[in-house]
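A short write-up of the structure that comes next.
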Amino acid sequence: MPDMSLTKNPMPEQDPQVRVTNFDEVALGYTDEMAVAEAGRCLNCRHPLCVIGCPVSVRIPSFIQKIVEGDLDASYEILTSTNSLPAVCGRVCPQEKQCESQCIRGKKGESVAIGRLERYVADRHNAKKAKEAVPVPASNGHRVAVIGSGPSGLTCAGDLRKMGYDVTVFEAFHKSGGVLVYGIPQFRLPKEIVQTEIDNLIAMGVEIVNNAVIGKSETIDELFEDGFEAVYIASGAGLPQFLHIPGENLLGVYSANEILTRTNLMKAYRDDYDTPLKRLHNVAIIGGGNVAMDAARVAKRLGDGHVYITYRRGMEELPARKEEVEHAAAEGIEFQLLNNPVSIVGDENGRVVGLELIRQELGEPDEKGRRSPVPVEGSNWVLPCDAVIIAIGTSPNPLIRSTTPNLNVTRKGAIETDETGRTSREGVFCGGDAATGAATVILATGAGKIGAISIDDYIRSKT
Amino acid sequence: MAYRVVTKKFLNDARSICLFEFEAPLIARHAKAGQFVIFRLDEQGERVPVSVAGYDREKGTVSVMVQAAGRTTKMLHTVEQGDVISDIVGPLGRATEMEGLKKVCVVGGGVGCAIAYPIAKEMHEKGIEVTFIGGFRSADIVILKEELAEASDKLVICTDDGTYGRKGFTTDALRAEIEENIAESRPQFDRVIAIGPDIMMKFLAEVTRPYGISTIISLDPIMVDGTGMCGGCRVIVGGETKFACVDGPDFDAHQVDFDSLIKRAAFYKEEQDEAAAHICLMTGGKRVNA
Ligand SMILES: Cc1cc2nc3c(=O)[nH]c(=O)nc-3n(C[C@H](O)[C@H](O)[C@H](O)COP(=O)(O)OP(=O)(O)OC[C@H]3O[C@@H](n4cnc5c(N)ncnc54)[C@H](O)[C@@H]3O)c2cc1C
Ligand SMILES: Cc1cc2nc3c(=O)[nH]c(=O)nc-3n(C[C@H](O)[C@H](O)[C@H](O)COP(=O)(O)OP(=O)(O)OC[C@H]3O[C@@H](n4cnc5c(N)ncnc54)[C@H](O)[C@@H]3O)c2cc1C
Ligand code: SF4
Ligand code: FES
């Protein structure tokens, strides 16, 4: 008999007062008892709606039933048959917009906590797995290059290695993991989890070359000359956008990428690292997505003053994961919604002293029913702050497209692909943010799987 | 991956600037004058950009010449031949443009001479007529005397205090060279390339402006990734925001907004001074990991 309680089993969390003083993970994970209880809420639907909501069609009721049965190995197998990074996705997927938004239990009360269960299964697996040796698949003698070690590149590399390919991943940064290590903070996604995945790939025989910026250190054409038969581009969308408003070059204006890279990748928050970071006091973030929430929560932890999220639409429209918004609010982040930035105000030394905003009103709904904000004439005001962090989005880096002849790109600079990940260049495939523009971990992971299958088909067709 | 130091050599009596030749085959294969690399000493280290001072494609090595400016560069100076550092990435940035040039004046200020040297050398090898003006505070920090003489048709070294070469600043020396070209009715420089402290480049830009001589400078704003990802290196050129790491480091001196550049460079000063003050005196900056 399923458990008919209307609410999810709550996630144990670090107390907000305590966690704003550290970088440890906020959500602590289910115990075995909690997981079994939560799994018991799943109706094991014959036509599961949750699966339709999942971008990679994880067989959700099946993996949940295995938790009920106590067979976590089988549960993990089911998860990873469509999603290579369950420990990551369980933590960072926008479940409330995907699987959980469709779950039948959500029609009355809360959906099943699918994300938390996914995380539980993966964490239990990783804790156990650490002690076992990873099998090394035999080589089939064909070499494939993967550019970028984010979720898309790692997934593609892992799947190809399992098929027998000799895979080399080229990564620009000194550390592998893409946004999972340089962008998403430790308190949301412990870096040890990403490292475990990377260590597994290396143990399987994937070679990772760090400090290799493709387009600079080596071009795609040279990779082919060096004997690679196919290339998978998974270089992400790391180029920060700026607003082009007055004051953007004042001292104390940062892109979210700069703050996040300095803290997450280069550990400016730890005394034993050399990375400098300006002391933060009152900080205004521009933007309302996951990147904005992460920047705000990092600023709160590093600083000693107010941290504001400024966003031109309302609470409902914030594109960030719901959980992140709730966590941010609990940590004392202040939301200045329906406010659009006009300019950044500086003092005579060129340092930021405030952010000029104009209040917005929600106008008439458009065809899609979305009410777009309209500025309220004469409502400008200045929010005092000494740092402004711009988190309005990122786009694909031009380094690869500008050094690879005949590689077609979209108007927005993303690399053009068909649904199998093929680009306009023979033997060159692409997926993840580099092909879609900034999106999600699960879509990047899914694209990596498709890319691996397409590359396998391609190399087989040639030999 | 680790990168081994094959040669280490101090370049002046003051031992303020040191050459390091690293094993880095990927970089050696592609490096060009005007580009830079970013190195990191170890797991706790900062990412520090330095220019490519030379490369040996056969041996697979790349050289940099680094001034001990603050914490990380001082620590680098304690790295010995045979030691390894954990990371070098590159080559980054655009190479210096040389197409179609016939006669240039390359101006270096202090460690800027090290950055300017490979550019002068490559131009000289291409048959471009090179006048090199090197400026230093005093005799004990002068570097690359022979190398610069070899890489140029005419070498002028000046020191602020007159302890070596001509007494005075590079701006005066450059003006004198330009005037001499006019007085002797020799062809004027098609281009001036200047690398040194921001303030020197700012004044050099004003020297060449009235003569209408195209002037390129190499900027060194604070950087993190060096691939266009953080925007920390933004500079204003011709009223537009540019990322020095991918759009530069070379820019048109007559278009650069020097005032914002100089303010930006000073922004981390307090933190840097504090970090430099915490260099371990017992180890001289060598990190002793527990
Ligand atoms: C701060 C932040 C928070 C986020 N939060 C969430 C979240 O909660 N949930 C969610 O689903 N998504 C989130 N996202 C989005 C998600 O992280 C991305 O969609 C995903 O990481 C894309 O994966 P990818 O593999 O395509 O690229 P990336 O993760 O961007 O990895 C690309 C890698 O390629 C490397 N690279 C780039 N160019 C080159 C080159 N020329 N040569 C060699 N290597 C190169 C980069 O250094 C990087 O390591 C967030 C993003 C950010 C920035
Ligand atoms: C493209 C480029 C090429 C360069 N080439 C050379 C070179 O060939 N030889 C050389 O000796 N130096 C070069 N530099 C400067 C060198 O990067 C800095 O001296 C170094 O970062 C100082 O680090 P530190 O920790 O020792 O000192 P810090 O105490 O951190 O700083 C000392 C001084 O260096 C400046 N600085 C600090 N961090 C950076 C940074 N990330 N980028 C730029 N400047 C910084 C500071 O404003 C300060 O004035 C170059 C810089 C750039 C951007
Ligand atoms: S829709 Fe909800 S109840 Fe039904 S199978 Fe999916 S998770 Fe279980
Ligand atoms: S150094 Fe990060 S964008 Fe230039």
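Below, chain A is the first sequence line, B the second, and so on; all start at residue 1. Please read these numbers as outputs of a predicted model, since none were measured by experiment.
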B/Glu97 atom CD: more than 12 heavy-atom contacts under 6.0 Å: no

Residues B/Glu43, A/Lys175; criterion side-chain contact (heavy atoms from CB on, under 4.5 Å); working and verdict: CA-CA 10 Å; B/Glu43 175 53 31; A/Lys175 247 198 166 57; 3.4 Å; yes

Heavy atoms of other groups near A/Lys191 NZ, more than 12 under 6.0 Å: yes

Chain B contact via A/Ile259 - side chain, backbone, both or neither, heavy atoms under 4.5 Å: neither

Top of A/Leu260, A/Asp226, A/Val209 for chain B proximity - count of heavy-atom pairs under 4.5 angstrom: A/Asp226

Top contributor to chain B interface from A/Gly350, A/Gly215, A/Gly238 [non-hydrogen pairs under 4.5 Å]: A/Gly238

Backbone N/O of A/Leu251 and side chain of B/Lys263: donor-acceptor pair under 3.5 Å: no

Working for side-chain contact (heavy atoms from CB on, under 4.5 Å), residues B/Asp225 and A/Thr261: CA-CA 9 Å; B/Asp225 55 296; A/Thr261 307; 5.7 Å; no

Student check: side-chain heavy atoms of A/His174 and B/Phe39 closer than 4.5 Å: no

Sidechain-backbone polar pair: A/Asn211 side chain, B/Asp87 backbone, donor-acceptor under 3.5 Å: no

Sidechain N-carboxylate O distance under 4.0 Å for B/Glu46, A/Arg262: no

Side-chain (A/Asn397) to main-chain (B/Thr227) donor-acceptor, under 3.5 angstrom: yes

Criterion side-chain contact (heavy atoms from CB on, under 4.5 Å) on B/Val224 and A/Glu258, from CA distance to verdict: CA-CA 7 Å; B/Val224 180; A/Glu258 179 175 355; 4.3 Å; yes

Beyond-backbone contact of B/Gln35 with A/Lys216, side-chain heavy atoms, under 4.5 angstrom: yes

Nearest non-hydrogen partners of B/Tyr3 and A/Asn210, listed with the distance: OH-O, 4.2 Å

Per-residue contact mode, B/Ile88 against chain A (heavy atom under 4.5 angstrom): backbone

CZ (B/Arg209) with more than 12 external heavy atoms under 6.0 Å: yes

Per-residue contact mode, B/Ser260 against chain A (heavy atom under 4.5 angstrom): neither

For A/Tyr254 against B/Arg234, the heavy-atom pair lying closest together: N-NH2, 4.5 Å

Part of B/Ile27 within contact of chain A (heavy atom distance under 4.5 Å): neither

Where A/Pro240 and B/Cys230 come nearest, the two heavy atoms and their spacing: CG-C, 4.1 Å

Under 3.5 Å donor-acceptor, A/Ser217 side chain and B/Leu26 backbone: no

Side chain to side chain donor-acceptor pair (under 3.5 Å) assessment of B/Thr241 paired with A/Asn249: CA-CA 8 Å; B/Thr241 298; A/Asn249 289 311; 3.1 Å; yes

Interface residue of largest heavy-atom contact number with chain B, from A/Val253, A/Thr394, A/Leu399, under 4.5 Å: A/Val253

Test: A/Glu218 and B/Arg29 ion pair at under 4.0 Å: yes

